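Since the structure comes first, as structure tokens, the remarks are kept for the end.
Just follow the structure's listing: the first ligand is 1, and inside any ligand the first atom is 1. Everything numeric here is computed off the predicted structure, so don't read it as measured data.
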Amino acid sequence: MAKKELLKVEGLKQYFPIKGGFLGRTVNHVKAVDDISFTIYEGETVSIVGESGCGKSTTGRAILRLEEPTDGSVVFQGTDITKIPKGEMRKFRKDLQIIFQDPYASINPRQTVASVLSEAMHIQNVLPPDQRRARIEQLLETVGLRPYQADRYPHEFSGGQRQRIGIARALSVDPKLIICDEAVSALDVSIQAQVLNLLEELQDEYGLTYLFISHDLGVVRHISDRIIVMYLGKIVEIADKNSLFENPQHPYTKALLSAIPVPDPDAVKSRIVLKGDVPSPIDPPQGCRFHTRCPFATDKCRTEEPVLRTSDIMKDTHEAACHYMEEISAGKMTPNY
Ligand SMILES: Nc1ncnc2c1ncn2[C@@H]1O[C@H](COP(=O)(O)OP(=O)(O)OP(=O)(O)O)[C@@H](O)[C@H]1O
Ligand code: SF4
Ligand SMILES: [Mg+2]
């Protein structure tokens, strides 16, 4: 079956102004997301990974227009939702839901679970009010809670249960795409696995599509179909999960993978150790943004920006942005540590 595009992001930029001086003028910008493009197909799980500050959450927020994108388009089922009047976003908010890391922070502690869920349904005008209670109880069962828990308050639940409530709230409006921003990051590993399994079951049952944002490659490995690796506001690699884990091309991706604990360290080909800190997104390095930390950087890397491209040693759906990926994979470049 041909894959159907659900969401297409093109040339997305999100620059945050920095005000300065006593006139409060814009003196510079944080280039949090700087010209990224990718497509999400119906029913798949695409993950975004990368170190803290690389622009993962900003990408998710810009897609939902929680922040107005600086440039670019976000086409959802044929409509560029960055170009419609803000007031018309309401009907798309029903299709595009987001779940955050800390479910407690996004749930009002003085509201019962039933009231949290019915509020979401009310805003989106889902079901007549007299049918909502039954739907709420059904939703709680769907996410592995009990119907009587509808009248409890958030503090009466554990972290994993609260995340289940967050999922129930997203599901209550019958969405198509759910953006999960570090949705399991705060949970213990065993609870993480349960919530990830629940997300997968719900995906099968309701044909959901996920954009899964996480700094944790272990989690991403569990849930993704495809993976986007971001570095300083740019996409540096994008591939099917297996292709990315088995045949990573970008030195940054290799470094991220080298940092995951593995039972047999020798099994990791060409270990790359990340040195130094991520540079500031206010004044990102010229050329390849990774050049200040890359052990293979040359003069060309310092001046010319590499574009995302495929190569003979990769599947054609796999792309990376590095001038030297062929040479590095062939062992023709010596790392400079
Ligand atoms: N509203 C804002 N105003 C100014 N700068 C911002 C704003 N939101 C984010 N940033 C900056 O944009 C960059 C990207 O932030 P973002 O939250 O998207 O990163 P992230 O990849 O989600 O990181 P983390 O893994 O820590 O969640 C960071 O440098 C951050 O400080
Ligand atoms: S383009 Fe150069 S600096 Fe950038 S990742 Fe490739 S080798 Fe490293
Ligand atoms: Mg984030």
Inset, instruction - Inspect the surroundings of NZ in K83 and state if more than 12 heavy atoms from other residues, nucleotides or ligands are less than 6.0 Å away. - result: yes
Inset, instruction - Name the closest protein heavy atom to atom 15 (O) of ligand 1, giving the residue it belongs to and the distance to 0.1 Å. - result: T58 OG1, 3.6 Å
Legend entry - Atoms in ligand 2 with a heavy atom of H250 nearer than 4.0 Å: 5 (S)
Inset, instruction - Do me a favour and list the nearest non-hydrogen protein atom to atom 1 (S) of ligand 2 with residue, atom name and distance? - result: H323 N, 3.3 Å
Inset, instruction - Using heavy-atom distances, let me know which of P17, G53, A62 sits nearest atom 20 (P) of ligand 1. - result: G53
Legend entry - Per-atom contacts of ligand 1 with S52, taking only distances under 4.0 Å to non-hydrogen atoms: 23 (O), 24 (P), 25 (O), 26 (O)
Inset, instruction - Examine the proximity of ligand 2 to M325 and report which part, side chain or backbone, both or neither, has a heavy atom under 4.0 Å away. - result: neither
Legend entry - For atom 5 (N) of ligand 1, the protein heavy atom that lies nearest, with its residue and separation: F16 CD1, 3.4 Å
Legend entry - Check against ring-ring contact (aromatic ring centres under 6.0 Å, His included), F290 and H250: CA-CA 10 Å; F290 188 53; H250 198 283; 5.8 Å; yes
Inset, instruction - Answer yes if L7 and V75 sit in the same cluster of Ile, Leu, Val, Met, Phe, Trp and Tyr residues linked by side chain heavy atoms under 4.5 Å apart, and no otherwise. - result: no
Inset, instruction - Could you tell me whether R169 and E119 have a side-chain N and a carboxylate O separated by less than 4.0 Å? - result: no
Legend entry - Crowding at CG, D204 (>12 non-hydrogen neighbours, <6.0 Å): yes
Legend entry - Metal proximity, C288 vs atom 2 (Fe) of ligand 2, N/O/S cut-off 2.8 Å: no
Legend entry - Stepwise side-chain contact (heavy atoms from CB on, under 4.5 Å) test for T142 and L202: CA-CA 8 Å; T142 304; L202 296 172; 3.5 Å; yes
Inset, instruction - May I ask you to identify the nearest protein heavy atom to atom 6 (Fe) of ligand 2, giving residue, atom name and distance to one decimal place in Å? - result: C322 SG, 2.3 Å
Inset, instruction - Identify the protein heavy atom lying closest to atom 25 (O) of ligand 1, giving its residue, its atom name and the separation to 0.1 Å. - result: K56 NZ, 2.8 Å
Legend entry - CD (E327) with more than 12 external heavy atoms under 6.0 Å: yes
Legend entry - Protein heavy atom at shortest distance from atom 11 (C) of ligand 1: V30 CG1, 3.8 Å
Legend entry - Shortest protein heavy-atom distance from atom 12 (O) of ligand 1, along with the residue and atom involved: A32 CB, 3.2 Å
Legend entry - Pair D34 + R289: basic N to acidic O under 4.0 Å: yes
Inset, instruction - Look at atom 2 (Fe) of ligand 2 and say which protein heavy atom is nearest, naming residue and atom and giving the distance to 0.1 Å. - result: C301 SG, 2.2 Å
Legend entry - Where ligand 2 meets P251 - atom numbers and elements under 4.0 angstrom, heavy-atom basis: 5 (S)
Legend entry - Short N-O contact, R226 and E44, less than 4.0 angstrom: yes
Legend entry - G55 near ligand 1 by a heavy-atom separation under 4.0 Å: yes
Legend entry - Lys NZ or Arg CZ of R110 over Y153 ring: under 6.0 Å, within 45°: no
Inset, instruction - Could you tell me whether R309 and E326 make a salt bridge, using a distance below 4.0 angstrom between a side-chain N and a carboxylate O? - result: yes
Inset, instruction - Please check if the side chain of N197 supplies one atom and the backbone of A193 the other of a donor-acceptor pair under 3.5 Å. - result: yes
Inset, instruction - Considering heavy atoms of the protein only, find what lies nearest to atom 27 (O) of ligand 1 and give residue, atom and distance to 0.1 Å. - result: S57 OG, 3.9 Å
Legend entry - Backbone or side-chain N/O/S of T58 under 2.8 Å of the Mg ion (ligand 3): no
Legend entry - atom 29 (O) of ligand 1 [closest protein heavy-atom partner, distance rounded to 0.1 Å]: P281 CG, 3.4 Å
Legend entry - K332 NZ: over 12 foreign heavy atoms closer than 6.0 Å: no
Inset, instruction - Among all protein heavy atoms, pick the one closest to atom 8 (Fe) of ligand 2 and tell me residue, atom and distance. - result: C294 SG, 2.3 Å
Legend entry - Protein non-hydrogen atom below 4.0 angstrom of atom 31 (O) of ligand 1 present: no
Inset, instruction - Find all atoms of ligand 2 within a distance of less than 4.0 Å from any non-hydrogen atom belonging to Y324, and give their numbers and elements. - result: 7 (S)
